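Residue indices begin at 1 and follow the sequence shown. Given the structure is predicted, the values throughout are model-derived calculations rather than measurements.
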Amino acid sequence: MTGYDAVLFDNDGVLVEPPAHETAVEATREAFEAVGVRDPDQAHVDDVVRGTTVERLREMCAVYDVDVEAFWRARERLDERSQFEKFESGSRALYDDVRSVTNLDRPRGVVSNNHHSTVAFVLDFFGLRHAFDAYHGREKSVESLDLKKPNTHYLDRALAELGAELALYVGDSESDVRAAHRAGLDSAFVRRPHCRDTTLSVAPTHEIDSLRELAAVTDA
């Protein structure tokens with residue numbers, strides 16, 4: 001498919017470096033402690049960090065007899081705070097090819113599994129708000145867990161806001177590729193250092209090594 005009427009981007013791993021696993025683990029353990037669980041099972045911590053579902057989260061909280069909403073509020077607050085701190089300290093950076101997306105002469109948007117407020121922070125912190133016409137992340141709610149990619153929920157929101165149909169979605173994970181195809185979009189998989197050797201079970205429409213290659217892809 002060519003003649004894209006919009007280009008959408010994932011955030012973590014595409015525009016900015018992904019969060020360190022250790023940082024996410026620490027924030028999750030602090031969230032458990034905030035609701036009175038001092039020694040959570042490492043498997044439960046890993047499940048939250050990797051990306052849990054609403055059902056699994058409810059089962060997990062039942063093990064510790066803690067309120068699901070209370071735990072998740074603590075987790076989202078602490079996870080977001082840890083991300084802000086890493087950006088502010090310079091531990092997480094903007095990729096050096098991101099400024100090139102302003103050369104794409106069509107609407108641009110961001111669609112992320114990260115918090116909507118964190119995406120907003122990133123765009124403001126790096127002075128990128130002007131570069132994107134729409135951005136969508138998930139709400140800090142339990143229910144949002146089942147709306148994450150590969151669900152097309154937030155992609156559909158961005159497409160509707162931009163009035164786009166033939167869009168390209170740029171991601172760095174298999175779930176990004178799957179979400180794009182489920183939404184009827186083409187996909188571009190960008191091979192960042194953290195996913196350089198990733199083997200995908202679903203083929204993206206395009207593979208690129210840099211966002212600078214998008215001009216040629218979108219103008220083909």
Side-chain angles (χ1 to χ4, degrees), residues 1-19 83 87 92-116 118-138 148-220:
M1 183 184 296
T2 57
Y4 301 116
D5 55 9
V7 182
L8 304 175
F9 299 82
D10 183 28
N11 182 59
D12 304 301
V14 173
L15 302 182
V16 294
E17 294 172 344
Q83 294 190 65
F87 286 121
R92 284 180 71 186
L94 185 77
Y95 287 111
D96 62 8
D97 56 1
V98 171
R99 305 293 178 183
S100 69
V101 307
T102 60
N103 297 324
L104 302 175
D105 59 349
R106 63 209 72 208
R108 301 176 294 268
V110 181
V111 179
S112 173
N113 279 347
N114 209 331
H115 318 115
H116 185 77
T118 300
V119 176
F121 175 89
V122 166
L123 297 182
D124 288 338
F125 186 77
F126 291 107
L128 288 172
R129 187 68 74 104
H130 72 286
F132 298 98
D133 304 286
Y135 66 94
H136 289 270
R138 64 179 181 80
K148 293 167 64 174
K149 296 170 291 183
N151 190 308
T152 66
H153 179 78
Y154 296 109
L155 276 173
D156 293 338
R157 278 190 178 181
L159 293 170
E161 182 173 346
L162 295 174
E165 295 181 359
L166 305 180
L168 176 70
Y169 186 52
V170 184
D172 67 317
S173 69
E174 182 161 318
S175 68
D176 291 332
V177 176
R178 289 190 179 279
H181 295 180
R182 288 179 181 179
L185 310 180
D186 278 11
S187 59
F189 184 79
V190 58
R191 293 240 175 227
R192 296 298 197 191
H194 67 274
C195 61
R196 187 75 67 200
D197 300 320
T198 297
T199 300
L200 301 172
S201 63
V202 57
T205 314
H206 311 279
E207 286 202 26
I208 58 176
D209 293 317
S210 168
L211 298 185
R212 296 187 183 93
E213 298 173 42
L214 285 174
V217 169
T218 56
D219 291 337

Candidate pair Asp209 and Arg196, rule salt bridge (charged side-chain N to carboxylate O under 4.0 Å, His left out), full reasoning: CA-CA 9 Å; Asp209 293 317; Arg196 187 75 67 200; 3.6 Å; yes
Option from Val190, Leu168, Asp219 for which side-chain contact (heavy atoms from CB on, under 4.5 Å) with Leu214 holds: Leu168
Member of Val177, Val14, Asp176 meeting the side-chain contact (heavy atoms from CB on, under 4.5 Å) criterion with Phe189: Val177
Pair Val122-Tyr135, side-chain contact (heavy atoms from CB on, under 4.5 Å): steps then yes or no: CA-CA 11 Å; Val122 166; Tyr135 66 94; over 6 Å; no
Could you tell me whether the side chain of [Y] reaches within less than 4.5 Å of the side chain of [X], counting heavy atoms only?
X      : Y      : value
Ser100 : Glu213 : no
Phe126 : Val98  : no
Leu128 : Leu94  : yes
Leu15  : Val110 : yes
Tyr169 : Phe9   : no
Glu174 : Val202 : yes
Arg212 : Asp96  : yes
Tyr154 : His116 : no

Could you grab the distance from atom [atom1] of [X] to atom [atom2] of [Y], nearest 0.5 Å is fine?
X      : Y      : atom1 : atom2 : value
Phe132 : Asn11  : CZ    : CG    : 8.5 Å
Thr198 : His194 : OG1   : NE2   : 7.0 Å
Leu155 : Lys149 : CG    : NZ    : 7.0 Å
Arg92  : Asp12  : CZ    : CG    : 5.0 Å
Thr205 : Leu185 : OG1   : CG    : 9.0 Å
Arg192 : Asp172 : CZ    : CG    : 8.5 Å

Asp124 atom CG, neighbour heavy-atom count above 12 within 6.0 Å: yes
Sole residue of Arg138, Gln83, Lys148 in side-chain hydrogen bond (donor to acceptor under 3.5 Å, both in side chains) with Asn114: Gln83
Stepwise side-chain hydrogen bond (donor to acceptor under 3.5 Å, both in side chains) test for Ser187 and His181: CA-CA 7 Å; Ser187 59; His181 295 180; 2.8 Å; yes
Candidate pair Tyr4 and Asp186, rule side-chain hydrogen bond (donor to acceptor under 3.5 Å, both in side chains), full reasoning: CA-CA 9 Å; Tyr4 301 116; Asp186 278 11; 2.5 Å; yes
side-chain contact (heavy atoms from CB on, under 4.5 Å) between Arg106 and Val7, intermediate numbers included: CA-CA 7 Å; Arg106 63 209 72 208; Val7 182; 3.8 Å; yes
Check: His115 ring centroid to Phe121 ring centroid under 6.0 Å: no
For Arg182, side chain to side chain contact (heavy atoms under 4.5 Å, CB included) partners two or more places apart: Pro150, Thr152
Exam field: side chain Arg108 to backbone Ala131, donor-acceptor pair closer than 3.5 Å: yes
Closest approach of Pro107 to Leu162 (non-hydrogen atoms, all atoms of both residues): CB-CD2, 4.1 Å
Nearest non-hydrogen partners of Leu159 and Ala167, listed with the distance: CD2-CB, 3.6 Å
Step-by-step side-chain contact (heavy atoms from CB on, under 4.5 Å) determination, Tyr95 to Leu211: CA-CA 9 Å; Tyr95 287 111; Leu211 298 185; 5.9 Å; no
Residues Glu161, His136; criterion side-chain hydrogen bond (donor to acceptor under 3.5 Å, both in side chains); working and verdict: CA-CA 10 Å; Glu161 182 173 346; His136 289 270; 2.7 Å; yes
Criterion side-chain contact (heavy atoms from CB on, under 4.5 Å) on Val170 and Leu8, from CA distance to verdict: CA-CA 6 Å; Val170 184; Leu8 304 175; over 6 Å; no
